[in-house]
Protein chains: 2
Amino acid sequence: MILSEQKKALIEKIGIFYEKLGMQPAAGRIMGLMFVSDRPELTFDEIRELLNISKSATSTALNLLIETGPVEYITFAGDRKRYFKLKTSNWRDALAQRFNNIISFKTLLQEVMETRSDKSTEFNSCLEEFIDFLEYLQQELPSLLKKWEESRK
Amino acid sequence: MILSEQKKALIEKIGIFYEKLGMQPAAGRIMGLMFVSDRPELTFDEIRELLNISKSATSTALNLLIETGPVEYITFAGDRKRYFKLKTSNWRDALAQRFNNIISFKTLLQEVMETRSDKSTEFNSCLEEFIDFLEYLQQELPSLLKKWEESRK
DNA sequence: AATTTAGTTCTGTAAATTTTGAACTAACAG
DNA sequence: CTGTTAGTTCAAAATTTACAGAACTAAATT
């Protein structure tokens, strides 16, 4: 397989997006490659060659991606190779999880509230209001997702 | 001012939370300190001493926090010191911005769609569905925030 | 039994990031 | 006009991280 310049550029862009989420560069590029690859299942060596990374980097990154969720692999009888692919089944859940991570800051802010004195009323009420806002989002987001699933039936 | 062990632990936890968002450690600790500090306005040297960081690290981190939004400072006539504090006014917007950043992945996926062949139908329809889902969120989130603001009137 | 395949694991190193320390500046104070 | 305060800036040190290369393993092949 060869990659068009356009696809190569997209791999980098997607890679950078995932880097910003805390992923290591090579893992981000693998994500990018899997999105743009016309064949959705790629072998270890295809990935390695297409991205020009070493075996060890490929191994480490793939295992990380499998452990943390976004990648899985399938095998075929009589073929020792693993075929790596994006786990498309959990995209919505993974996204919801990222929203939840943001909202989970609420827990820290609640702990903050407990250690604060009553002195700085102004700040405290801002804090309480923001906690309430996070609470609201935590409540409403699941129904938003449910509403979408309903609309797809 | 002295910090309880509990507050110190919270500063670290909040610091790590901000590190995961791509912030440098010292800046994350400053965020943590400003959340737990009973006095909401702190001077350069208070921050420096409470967190045990150098002047230059303090300066760099504070300027970064001011540039990127979460911190501001006020001054008092006849006092050359700057009093640094959390910018509480934009918490909701900053959070909305982080949601938007996640959703902005949609643009990359649309570019991906354009480069893909029609071969892998299965994958392509997953991709299209996910793009539609992101589209849906992009549409619905603003009204969710508006709804909260209404309820607070 | 030797070789090939499909990876894994273990240093070592290059690169990037973060932080310090020291010298500097600009404003004000005595 | 000398000293002090409130920072800033820069070079160098320390830390972290990501990756390559080489040696290794376990299964299958010849």
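The sequence lines fix the lettering, A, B, ..., with proteins before strands; numbering per chain opens at 1. All values reported here derive from a predicted model rather than from experimental measurement. Computed from heavy atoms alone, side chains included, the values below leave out hydrogens, waters and symmetry copies.
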| said: How would you summarise protein contacts on nucleotides 25-30 of chain C per nucleotide, using B for base, S for sugar-phosphate only and - for none, with heavy-atom distances below 4.0 Å? | reply: -BB---
| request: Look at atom CG of A/Asp79 and say whether more than 12 heavy atoms of other residues, nucleotides or ligands are closer to it than 6.0 Å. | output: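 Buried by this count: over 12 neighbours within 6.0 Å.
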| task | Take A/Glu19 and A/Arg29, measure what salt bridge (Lys or Arg N to Asp or Glu O under 4.0 Å) needs, and give me the verdict at the end. | result | CA-CA 9 Å; A/Glu19 271 186 63; A/Arg29 300 308 178 279; 2.9 Å; yes
| Verdict with reasoning, B/Phe17 to B/Phe35, per ring pair (Phe, Tyr, Trp, His ring centres under 6.0 Å) | CA-CA 13 Å; B/Phe17 186 88; B/Phe35 272 109; 9.7 Å; no
State, with a plain yes or no, whether a side-chain heavy atom of [X] is found less than 4.5 Å away from one of [Y].
{"X": "B/Leu64", "Y": "B/Gln24", "result": "yes"}
{"X": "A/Tyr136", "Y": "A/Asp132", "result": "no"}
{"X": "A/Gln6", "Y": "A/Val36", "result": "no"}

| With a 3.5 Å cut-off and no angle check, do the side chains of B/Lys7 and A/Thr115 form a donor-acceptor pair? |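 A donor-acceptor contact under 3.5 Å links the two side chains.
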| request: Using a cut-off of strictly less than 4.0 Å between a heavy atom of the residue and any atom of DNA chain C, enumerate the qualifying residues of residues 49-65 of chain A by number. | output: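 Per residue number, the list reads A/Lys55, A/Ser56, A/Ser59, A/Asn63.
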| task | Could you identify which residues of residues 11-20 of chain A place a heavy atom less than 4.0 Å from some atom of DNA chain C, listed by residue number, or say none? | result |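 Residues of residues 11-20 of chain A that come under 4.0 Å of DNA chain C do not exist, since none gets that close.
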| task | Using both pair distances under 3.5 Å as the test, note the stems of at least 3 consecutive Watson-Crick or G-U pairs that include DNA chain C. | result | C:1-30 with D:1-30
| field | Nucleotide range of DNA chain D lying under 4.0 Å from chain A heavy atoms | value | D/dA18 to D/dA28
| task | Please round to the nearest 0.5 Å and tell me the distance separating atom CZ of B/Arg82 and atom CD1 of B/Ile66. | result | 5.5 Å
| Row check, A/Phe130 ring normal vs B/Arg92 NZ/CZ: under 6.0 Å, within 45° | no
Between N or O atoms, less than 3.5 Å apart, protein on one side and nucleotides 12-17 of chain C on the other: list the pairs.
none

